[in-house]
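What follows is a short report on a single structure.
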Amino acid sequence: MASRDTRQEFEDIVERLTTDYPSLARTGMPPFARPVLVTLLIVGGLAWALLSVAMVAWGWRGVVLTCAAVLGTVVALTVRTYRWRAGR
């Protein structure tokens, strides 16, 4: 029972603070939620392993493919983060 009262008291404090200071309120979702981030990390790790093999097996073509993949990823993440921050 005490934990429910404590939780409710905490929620009341947070509500008053966000009312008094709107900049403390969260607006929108973070760039990536935890499950999405974990999935991206696993897929990214596998992709990096395959790109490493491609660089060895295909020579300069594999290097170009790896550079294009990394550049595309950086651009996509930058755009996603920029749009998320602009929506704040």
Side-chain angles (χ1 to χ4, degrees):
M1 186 69 177
S3 64
R4 284 187 186 176
D5 293 338
T6 304
R7 183 69 182 169
Q8 183 59 43
E9 192 175 327
F10 173 75
E11 294 296 331
D12 291 341
I13 292 170
V14 170
E15 186 177 344
R16 283 194 307 266
L17 282 172
T18 54
T19 301
D20 293 343
Y21 303 98
S23 63
L24 295 176
R26 290 185 181 175
T27 56
M29 289 186 56
F32 296 103
R34 184 177 298 266
V36 174
L37 184 60
V38 169
T39 303
L40 286 174
L41 289 174
I42 291 171
V43 170
L46 290 173
W48 186 253
L50 291 174
L51 287 170
S52 297
V53 171
M55 285 190 290
V56 172
W58 297 340
W60 67 270
R61 290 178 194 92
V63 172
V64 170
L65 176 65
T66 301
C67 290
V70 169
L71 182 63
T73 303
V74 168
V75 168
L77 290 174
T78 302
V79 168
R80 172 71 168 108
T81 304
Y82 176 77
R83 287 184 179 172
W84 175 70
R85 289 180 183 249
R88 282 178 123 174

Over 12 foreign heavy atoms within 6.0 Å of CD, E11: yes
The reported gap from CZ in R7 to CG in D12 (rounded to nearest 0.5 angstrom) is 11.0 Å
inquiry  = Starting from L51, can I reach W58 by hopping between I/L/V/M/F/W/Y residues whose side chains sit under 4.5 Å apart?
reply    = yes
* **Within one Ile-Leu-Val-Met-Phe-Trp-Tyr cluster: V79 and L71, side-chain cutoff 4.5 Å** => yes
Output for pair (T18 OG1, I13 CD1), nearest 0.5 Å, gives 12.0 Å
* To do: For the pair W48 and T66, evaluate side-chain contact (heavy atoms from CB on, under 4.5 Å) and give the outcome as yes or no after the intermediate values.
  => CA-CA 8 Å; W48 186 253; T66 301; 3.8 Å; yes
Value for CG (D5) from CD (Q8), rounded to nearest 0.5 Å, stands at 8.5 Å
